[in-house]
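What follows is a short report on a single structure.
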Amino acid sequence: MNEKKWQGIGASPGSAAGPVWRLPSLEQAGVQLSEPTGPLDSSEQLGRLQQAIVNTDQALAQYEEQVRSEQGEELAQIFAAHRLLLSDPAFTGEMELRIKERQLPAEKAARQVADEAIAMLSSLNDPYFRERIVDIQDVAHQLIQHLGAKNQNNEQFPASGQWIVVAEELTPAQTISLPKERVLAFIVRKGGKTSHAAILARTYGIPAVVGLNSGWNELSAAVGMKLDGTAGWVQALSAEELNHVQDKTKSQDHDPKQDTELEASRFDVILAANIGNPADRTLVKRFKASGVGLYRTEFLFMGETLPSEEEQVAAYEAVIRECAPHTTVIRTLDIGGDKKAPALHLPVESNPFLGVRALRLCFRDPELFGTQLRAIWRASAAGPVAVMFPMISNLEELRKAKEYLAAAKETVLQQGYTVGELQVGMMIEVPAAAWLAGKLAFEVDFFSIGTNDLIQYTLAVDRENHEVAELYQPYHPAVLGMIAQVTKAAQAAGIWTGICGEAGGDTLLAPFFMALGIDELSMSPGLLPHMRQKLAGLDQAQLEQSKLVERILDCATAAEILAILQVYDEGGHEYANKGS
Amino acid sequence: MIIQELTIQNKSGLHARPATLWVQTAGRFQSKIRLRKGEREIDGKSMLGILSLGLSAGSVVQLLVEGPDEAAAAEELTKLITDLADKGA
């Protein structure tokens, strides 16, 4: 193979090689609209449009629900916004008007209105508004598809085989509607590491390279490609090389022996999965997670009505049973902040991340909290389980939460249910809790460090605000220093420590966490294989010898820390490339 | 009919998420909601309409609400704009 490696941005780890399927760009698809041959019945056209709107909305509602349960409210909002467009008087309303007044075919009305909206947005100077063009394109495209317009390109994903999906840009709706088990990887020209498609790819454990501008034209004729989603490069494969790769993958595909070997790493660390939906429990087995390190329970509460105690028991038991003999760590309700729950009628706060969120909300609604805790106790009979409380900033809150837990146990026992063992832990995500870890450690069985919020609160950076995104640094010395301090406090008190934020699945940080003696790393299930590979290339004795912890804690900037961590990345890469 | 002046204060203006929030909030009310900026007047329940005004930080718009729940609608929407600013969104 002497083809050039084209450099993009590694957006989701893993390497892949295989045949290419090109997703038609949104502009290409759906523009070939046939001109009407005879007079049009506008009421018929109107009916077609309305049916397409209903169908599109149903599809979007399904995506919204799927994304909400798998990834939370933030990403689900994308689809909520798209649905708003579908009921927008200036969008679909205008399309209807044009069908009536100008006797246009439905497709043409849809395209016209969408094109005008796009032109209008392009004329605005503000980049924020121009970014919305993708949203308009996406919705218009789906609408036209549901109208059954003949596309220039055959848009269908092949009915069999595994493919590398290559696209100019990838919308959330497109990403989610692909059969993910048959997508080898994503290669996308536009977008960055934080684009919706990149986040979705990481969640599903599909390698991805995005932002691939260089080489785009040179690669346009390639029948096959090879890529590394960690390093971010892409290479063209000739037909012959492609055949070779496909023969080889057939024989090597998921060699169970290889997995076991990797599992028996030199580290005594539990690799667990983060899940947000009982349905995700299948991913736990598929990616061989040793239990669930973070079971987000919010999704249960985001519907129109609140879940009953029975419903919650079922949702918890299902996951606990699937994970046994490994432990399932259930996080109590972390709603409020940016996570909405219509059934709870929460007031809009001016600063929701610092407002009535998580445990603070639970204390205000003892029935809500009590119901969840009773359900957890009842489910505890089904297998090994732990509970943890989010957003604790002082010792009193922890004690109060434990009182609620004790009261719930008593009630459940009085009602005649049997209960099992229940480990009790807390999230460390507020800097105050990290500072106080030495005291808190004596009152819990474990700490779970929620790095996303810990970083956000420590660095005073809203991760959703693009303007300050570059200040959100997982490798910031203050953040890693805090994690080290918490771990030491836990070790002194004889309790275990887990990491369940995004940093938990960051292979770059793995050597640091291993050197610290972190007991559990919990991550999106799709990241587990890469973490295993990384750990297989590391050596505990060597980490200690090289005084990694001391050197990192000695750094003054995130860049210095990153430079040290990157040295440890080579072992992992070697492994990833072995099979190719 | 209630007419009120609103100043957009949050840094990135009334784009994507803030606009979604606005339309979701406006949609909960029966009253007719319109926004006027200079010559242009748009339907305050329309996402595209809102986006077309290109409201960025510092933009001043007139809010016109008319209907059975106009007082509540005006209050909620005004609050939304100040909340966005406080959040720094």
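As the structure is a computational prediction, the values presented were derived from the model and not from experiment.
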Segment of Leu354(A) engaging chain B (4.5 angstrom heavy-atom cut-off):
neither

Can you say whether Gln24(B) sits under 4.5 Å from chain A via the side chain, the backbone, both, or neither, judging by heavy atoms?
both

Identify whether the distance between the nearest side-chain nitrogen and carboxylate oxygen of Asp88(A) and Arg83(A) falls below 4.0 Å.
no

Assess whether a salt bridge exists between Glu75(B) and Lys79(B), defined as any Lys/Arg side-chain N lying under 4.0 Å from an Asp/Glu carboxylate O.
no

Greatest number of heavy atom pairs closer than 4.5 Å to chain B - which of Pro89(A), Ala117(A), Gly93(A), Ser123(A):
Pro89(A)

Is Glu96(A) salt-bridged to Lys100(A), cutoff N-O under 4.0 Å?
no

Looking only at Ile42(B), Leu14(B), Thr25(B), the option with the highest number of non-hydrogen pairs under 4.5 Å against chain A is Leu14(B)

Measure the spacing between CD of Glu107(A) and CD1 of Ile144(A) and express it to the nearest 0.5 Å.
7.5 Å

